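Comments concern the structure below.
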Amino acid sequence: MEKIYNPHAIEQRWYETWESNGYFSPELTNDTAKTVSQKKDSYCIMIPPPNVTGRLHMGHAFQDTIMDTLIRYHRMKGDNTLWQPGTDHAGIATQMVVERLINSEGKTRHDVGRDAFIDKIWDWKKESGSTITKQLRRMGASLDWQRERFTMDDGLSEAVKEVFVQLYEEDLIYRGKRLVNWDPVLHTAVSDLEVISEEENGHFWHMRYPLSDGSSSLIVATTRPETMLGDTAVAVHPEDERYKSMIGKTIKLPLTDREIPIIADDYVDPEFGTGCVKITPAHDFNDYEMGKRHDLAIINIFTVDAAINDNAPEKYQGMDRYAARKAIIKDLQQSGLLEKIEDHRLMVPRGDRSGAVIEPYLTDQWYVKIAPLAEPAIKAVENGDIRFVPDNWKNTYFEWMNNIEDWCISRQIWWGHRIPAWYDEDGKIYVGHDEKAVRSKHQLDDSIKLRQDDDVLDTWFSSALWPFSTLGWPEKTPEFDTFYPTNVLVTGFDIIFFWVARMIMMGLKFTGKVPFTEVYVHGLVRDSHGQKMSKSKGNVLDPIDLIDGIELETLVEKRTKGMMQPQMAKKIEKVTRKDFKDGIPSFGTDALRFTFAIQATTGRDIKFDMGRIEGYRNFCNKLWNASRYVLMNTEGHDCGIGGKEKHTDMIFSLADKWIISRLQETKKQVTDSLNTYRLDLAAQAIYEFTWNEYCDWYLELSKSVLSSESDDSTSGEAGLREAQQQGTRYTLVHVLENLLRITHPIMPYITEEIWQRVAPLAGIKQDSSRQETIMLQPYPVPDTNKIDQSALVEMNWLQQFILGVRQIRSGYDIKPGKLLTVLLQNGSAADKERLLTNKLMLKKLARLESIKWLEKTDEVPESSTALVGEMQILIPMAGLIDIDAERERLNKEIDNNQGFIKSLEGKLANENFVSRAPENVVAMERQKLSDAQSKLKNLTEQLEKLKTL
RNA sequence: GGGUGAUUAGCUCAGCUGGUUAGAGCACCGCCCUUACAAGGCGGGGGUCAUAAGUUCGAAUCUUAUAUUACCCA
């Protein structure tokens, strides 16, 4: 093995091997007498399909790490495991990309024509559609690519039609003229969820509306004066004394020749503004509702581009809405009807794709009647059929589901599932799978011309079917039988409404079952300053750059190229140069995955800090080098393959027994954590075990057994020594092999690479294809019988001993290489026994020349002291240690101890504590006190000794 | 305005159903190129757990209020 861990040398190679060997695929059988797959539990996760033409971002990388870890864990546990891959056609987003390409050639999509345009999108998909799937492969994602799906595949399109037709036939889909969110740039309706409202600076215009009879006038305030052309009433509160007398009268609407009524409605807040509200039913959602209540005329004054249409006075026709606004204000001013203009902060709705200000606009659209679908979906979460992790997200879900509005599913774009509805020349609607089906069902012969609806379905309509459409529904398939309902949906909270809720509704409606039993909601990946990553902020990190590394100049260029606001480029460049002085080094996939995993605490965003990933790259290197050590010391030797059963004479040291015990505890902690979606705790346990226990202690201790040096107390005959070394070699290999399997779900590459070398030494036969890879090995199961409590206690003694010596050594700047003489006093029989069996290890790790017992009565030379329980470790000072410094050190420790004792005494002196606290707690405190007291006594004695000198 | 979460060492975060003098990584200080690893080893310093009150024998942990902050919804 190379001395330095180099992820590039291993990662891609292993992925290709795994994929080409079909290791990602579950087992399936069509037989009724099912064998393998029936006996096994199935485990399935559906990938949230990324945009087919998208690129992998940090959010994906995080999410995919979580999913792949779960998938690999379950696959190793022996579950029949499927991670279903696929991509989404992403209607508006994809169409916009291709439209921009065409625009750059100086053409519009209308020049190209619908069919040719769609062909172009398919071409684009072919060209760029594999980018994201290639990137997923770089992440090590063990998706079953043979089953890759696309939301506009034939099969999935069939599912979409089936669902649409069925919902329509049950009156759950209807077509209606409604006020929708209209995007005047994209020329399409969008759903409520696709509208982002943000506060922006604007104005409040106060306009005077004169009464028709000339008796008086009213002042209305508005943020959108141009809509006055569509006003069909002015409303006041029915109890408002100021205006009560005017209710029922009419107003002469300025700039037009229309008269409109003054109406009364509770909705009006008399405290707000002037207490009079202009009502424009065609261009405001609240006004629309009020218009319906009062049977007001609805006058649409906008074209699809949000310019003034022919319903308005000729003067304004054709003007853009903002030009019209200016003109209207000017005209009102001139007629003295503009009272005043105030600055005002207002919520401005913008399309999430186009950024254009959304207009409420009256059009014909298709809707899903949502209430009947929402009801069972709410129940499913209430009764626990679906569980959110963390649990509190269910509140958000309920909140939304209980206030849900009908879902506008039609979009006036070209890329997507065309609505399976046809119109005859009278405008009568026929819904069916295709024109032929429609004709035969309704007995329409060829003489009747049918025209298909031009609209396509909201992208989320097909996404909502994803959990079952990908498994072949509406066909009956073994995949569906085996994997549906799926186990867990892993997603960000941002699409709970867009996607999760809709999948639940559609899943229940069409399969009668929930689509998944758990929803794991993860946080957002932010930059190191806690800012959301976005192109316009120039703080985006590309996961692939973290894996491969990137030069500073390339990174700067990448972040500043093609910006919406080029003026930001300078600032971004500056910050980038500051944050990434030397660019980004190559960290490798495993380090990136580990960084995500260890930060995947539930319900918290991740601030992505370069320090962390660097640390975990170092962790990979640590694991790498530890493995090198193990291999160097075990390859070519007898490593006790088969364990104690085959090698009855094999001898295990304290360290061996200890690390085996700790391994069991670690296995338990990791599996418990993975079972509860605490990837952070799992990763943390792995990190600590590997570094702080296996490497820092166990490998060091093993050296004393494996080194050629001998020791009179343990050497004995050669056979004995060989048996000890065999025990240690066995343990080295056994623990490492287990550790690799434990770690594999999080860090697949490095574990596979090392495992290939280690497995033969651990006696794992690699003769059948499924045993050629760590991916398909069983996940380690904790064995509590192998936890040796006395070894844990004794090891703690050994560690305390070594730490005590090290502290003295370091405290007095004694060279690490200097071998010390250590005297021991006041030890128990157990201490003596422990010393005897572990002398070699102690000497090696504490770097000791010799260890001698002193009798109680023996003369003690000037020494620095450490304590292990009652036992005193004395390091003679002669020439090494300064008496004053030692006094100071002892005093400090005495102080410390006295503080501790005081707090314990206080606690135990408290009658209430002793009488009310549980017995074991009190006993523990008593024990602590007596330990501390004896320690204090010991320390004080040491200090006295020094004083008398 | 309503809802949800967060506030613990200089930074990024653990701390499970209340029971050690509150932990880790990075950063910091000192010593060390010890034959797995300087992407390393050994040792060390650093926090009145946002504030206030309450419950309790005992609170970082539970309750309430306040402050700050983030997100979601209107």
Side-chain angles (χ1 to χ4, degrees), chain A residues 1 3-5 192-193 197 347 390 392-393 395-396 398-400 403 493-494 496-497 523-524 526 528-532 585 587 591 595 598-599 601-633 672-673 676 678 680-681 683-685 687-688 691-692 695-696 699-700 702-703 707 732 802-803 805-818 844-847 896-904 906-918 920-922 924-925 927-928 931-932:
Chain A
M1 284 168 79
K3 187 172 171 185
I4 298 284
Y5 159 68
D192 294 345
L193 290 169
S197 287
M347 297 302 280
N392 54 290
W393 282 108
N395 298 326
T396 310
F398 289 140
E399 179 64 25
W400 190 67
N403 296 296
F493 54 84
D494 47 335
I496 288 183
F497 306 141
L524 218 64
R526 299 169 175 278
S528 59
H529 310 288
Q531 294 287 310
K532 223 169 175 168
F587 294 116
T595 308
I598 205 162
Q599 292 188 92
T601 73
T602 45
R604 195 160 175 150
D605 289 350
I606 290 183
K607 285 186 202 170
F608 199 89
D609 185 67
M610 298 304 283
R612 294 293 287 263
I613 189 171
E614 190 182 341
Y616 301 123
R617 191 269 321 259
N618 294 353
F619 176 62
C620 292
N621 191 46
K622 190 75 179 174
L623 179 61
W624 183 262
N625 278 296
S627 306
R628 278 179 62 225
Y629 168 80
V630 173
L631 292 169
M632 284 162 81
N633 284 286
D672 286 353
S673 301
T676 51
R678 290 303 301 266
D680 57 327
L681 298 182
Q684 190 68 34
Y687 184 93
E688 282 170 4
W691 203 311
N692 304 338
C695 290
D696 286 351
L699 294 193
E700 293 306 320
S702 76
K703 288 174 186 173
S707 77
L732 278 170
I802 292 165
L803 285 172
V805 175
R806 281 177 180 168
Q807 274 160 2
I808 292 170
R809 185 190 288 278
S810 182
Y812 296 108
D813 286 344
I814 302 168
K815 291 281 170 200
K818 164 104 181 137
K844 180 96 179 166
L845 258 74
R847 297 198 162 247
N896 233 332
N897 221 253
Q898 277 170 335
F900 187 37
I901 288 171
K902 210 173 157 191
S903 84
L904 286 170
K907 207 181 244 184
L908 286 162
N910 184 340
E911 193 53 41
N912 281 323
F913 173 70
V914 180
S915 59
R916 297 200 201 187
N920 62 326
V921 173
V922 178
M924 245 165 61
E925 297 295 303
Q927 182 61 47
K928 271 189 254 167
D931 287 354

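Predicted, not measured: the structure shown is a model, and the values here were computed from it. Chain naming here is simple, since letters A, B, ... match the order of the sequence lines and numbering starts at 1 in each.
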- Message: Taking the P atom in each of B:U66 and B:G3, what is the distance between them to the nearest angstrom?
- Response: 12 Å

- Task: Would you indicate which nucleotide in B:U12, B:A14, B:G30 comes nearest to any side-chain atom of A:Arg678?
- Result: B:A14

- Task: State whether a side-chain donor-acceptor pair under 3.5 Å links A:Glu399 with A:Asn395.
- Result: no

- Query: Contact class for A:Glu399 (heavy atom, under 4.0 Å): base, sugar-phosphate, or nothing?
  - Reply: nothing

- Item | Whole-angstrom distance between B:A14 and B:C73, as gauged at atom C1' | 32 Å

- Item | P gap between B:U7 and B:G15, integer Å | 10 Å

- Query: Just checking A:Ile598: base, sugar-phosphate only, or nothing, at a heavy-atom cut-off of under 4.0 Å?
  - Reply: nothing

- Could you summarise the pairing of RNA chain B as dot-bracket text, marking Watson-Crick and G-U pairs under 3.5 Å with ( ) or [ ] inside the strand and | across strands? (((((((..((((.....[...)))).(((((.......))))).....(((((..]....)))))))))))).

- Evaluate the ring planes of A:Phe497 and A:Trp400, with Trp represented by its six-membered ring, and classify them as parallel (under 30°), tilted (30 to 60°) or perpendicular (over 60°). parallel

- Task: Would you mind reading off the distance between A:Gln684 atom CD and B:C13 atom C1', rounded to a whole angstrom?
- Result: 9 Å

Return the polar atom pairs (N/O with N/O) between nucleotides 34-38 of chain B and the protein under 3.5 Å, or none.
unit_1, atom_1, unit_2, atom_2, d
B:A36, OP1, A:Lys703, NZ, 3.4
B:A36, O2', A:Asn625, OD1, 2.9
B:A36, O2', A:Arg628, NH1, 2.7
B:A36, N7, A:Lys703, NZ, 3.3
B:A36, N6, A:Cys695, O, 3.4
B:A36, N6, A:Glu700, OE2, 3.0
B:A36, N3, A:Asn625, O, 3.2
B:A36, N3, A:Ala626, N, 3.2
B:C37, O4', A:Asn625, OD1, 3.2
B:C37, O4', A:Asn625, ND2, 3.4
B:C37, O2', A:Asn621, ND2, 3.3
B:C37, O2', A:Asn625, ND2, 3.4
B:C37, O2, A:Lys622, NZ, 2.9
B:C37, N3, A:Lys622, NZ, 2.9

- Could you pull out all residues at least two apart from A:Phe900 that satisfy ring pair (Phe, Tyr, Trp, His ring centres under 6.0 Å)? none

- Mind running side chain to side chain donor-acceptor pair (under 3.5 Å) on A:Asn618 and A:Glu614 for me, showing each step along the way? CA-CA 6 Å; A:Asn618 294 353; A:Glu614 190 182 341; 4.9 Å; no

- Message: Going by the rule side-chain hydrogen bond (donor to acceptor under 3.5 Å, both in side chains), which residues pair with A:Asp696 if we only count those two or more places apart in sequence or in a different chain?
- Response: none

- Query: Residues two or more places apart in sequence or in another chain: which of them pass side-chain hydrogen bond (donor to acceptor under 3.5 Å, both in side chains) with A:Arg612?
  - Reply: A:Tyr616

- Heavy atoms of A:Ser702 and A:Leu732 approach each other most closely as OG-CD2, 4.1 Å

- Considering only atom P, compute the distance from B:G1 to B:U63 and round it to an integer number of Å. 25 Å

Atom pairs under 3.5 Å: protein N/O with N/O of nucleotides 4-11 of chain B:
none

- For B:A65 and B:G5, measure between their P atoms and round to the nearest Å. 14 Å

- Task: Could you work out the separation of B:A50 and B:C42 based on their C1' atoms and round it to a whole Å?
- Result: 37 Å

- Just to confirm, is there a sub-4.0 Å distance from OP1 or OP2 of B:C42 to any side-chain nitrogen or oxygen of A:Gln807? no

- Atom CD of A:Glu911 to atom C1' of B:G58: distance rounded to whole Å? 15 Å

- Task: Find the distance between CD1 (A:Ile4) and CG (A:Asn625) and round it off to the nearest 0.5 Å.
- Result: 6.5 Å

- Minimum heavy-atom distance between A:Gln599 and A:Lys607, given as atom pair plus value: OE1-O, 3.7 Å

- Query: Toward the 5' end of RNA chain B, which comes first, A:Tyr687 or A:Gln599, by nearest nucleotide?
  - Reply: A:Gln599

- For the pair made of OH in A:Tyr812 and C1' in B:G43, what is the distance, rounded to whole Å? 13 Å

- Those residues that, when tested against A:Tyr5, pass side-chain hydrogen bond (donor to acceptor under 3.5 Å, both in side chains) (two or more places apart): none

- Using whole Å, report how far CZ of A:Arg806 lies from C1' of B:G41. 9 Å

- Task: For A:Val914 and A:Leu908, work out which heavy atoms get closest and say how close.
- Result: CG2-O, 3.1 Å

- Task: Identify, residue by residue, the members of residues 611-618 of chain A with a heavy atom below 4.0 Å from RNA chain B, and return them in order of residue number, or none.
- Result: A:Arg612, A:Arg617, A:Asn618

- Item | Check: A:Asn920 and A:Met924 side chains under 4.5 Å, non-hydrogen atoms | no

- Item | Euclidean distance for P, B:U48 against B:G40 (whole angstrom) | 30 Å

Could you run down the sub-3.5 Å N/O contacts of the protein with nucleotides 18-22 of chain B?
unit_1, atom_1, unit_2, atom_2, d
B:U21, N3, A:Asn896, O, 3.4
B:U21, O4, A:Asn896, O, 3.1

- Task: Can you tell me the distance, in whole Å, between the CD1 atom of A:Ile496 and the P atom of B:C71?
- Result: 17 Å

- Message: If I compare all heavy atoms of A:Arg809 with all of A:Pro816, which pair ends up nearest, and what's the gap?
- Response: NH1-O, 3.4 Å

- Message: For a quick check of understanding: with a heavy-atom distance under 4.0 Å over all strands, which category does A:Thr601 fall into, base, sugar-phosphate or nothing?
- Response: sugar-phosphate

- Task: Classify the nucleic acid contact of A:Phe619 as base, sugar-phosphate or nothing, counting any heavy atom under 4.0 Å across all strands shown.
- Result: nothing

- Message: Measuring only the C1' atom in each nucleotide, how far is B:G47 from B:A22? A whole number of Å is fine.
- Response: 8 Å

- Note on the structure: salt bridge (Lys or Arg N to Asp or Glu O under 4.0 Å) filter on A:Lys928, not counting sequence neighbours, yields A:Glu925

- Task: Provide, to the nearest angstrom, the distance between the CD atom belonging to A:Glu688 and the P atom belonging to B:G15.
- Result: 13 Å

- For residues A:Tyr629 and A:Lys703, report the shortest heavy-atom separation together with the two atoms involved. OH-CG, 3.2 Å

- Task: Check side-chain hydrogen bond (donor to acceptor under 3.5 Å, both in side chains) between A:Asp609 and all other residues, then give those that pass, not counting sequence neighbours.
- Result: none

- Message: Nearest whole Å is fine: how far is B:A70 P from A:Lys607 NZ?
- Response: 11 Å

- Message: Looking at every heavy atom in both A:Lys844 and A:Ser707, which two are closest together, and how far apart are they?
- Response: NZ-CB, 4.5 Å

- Item | Gap between atoms CG and C1', on A:Leu623 and B:G40 respectively (whole Å) | 15 Å

- With A:Arg526, which residues qualify under salt bridge (Lys or Arg N to Asp or Glu O under 4.0 Å), at least two apart? A:Asp605

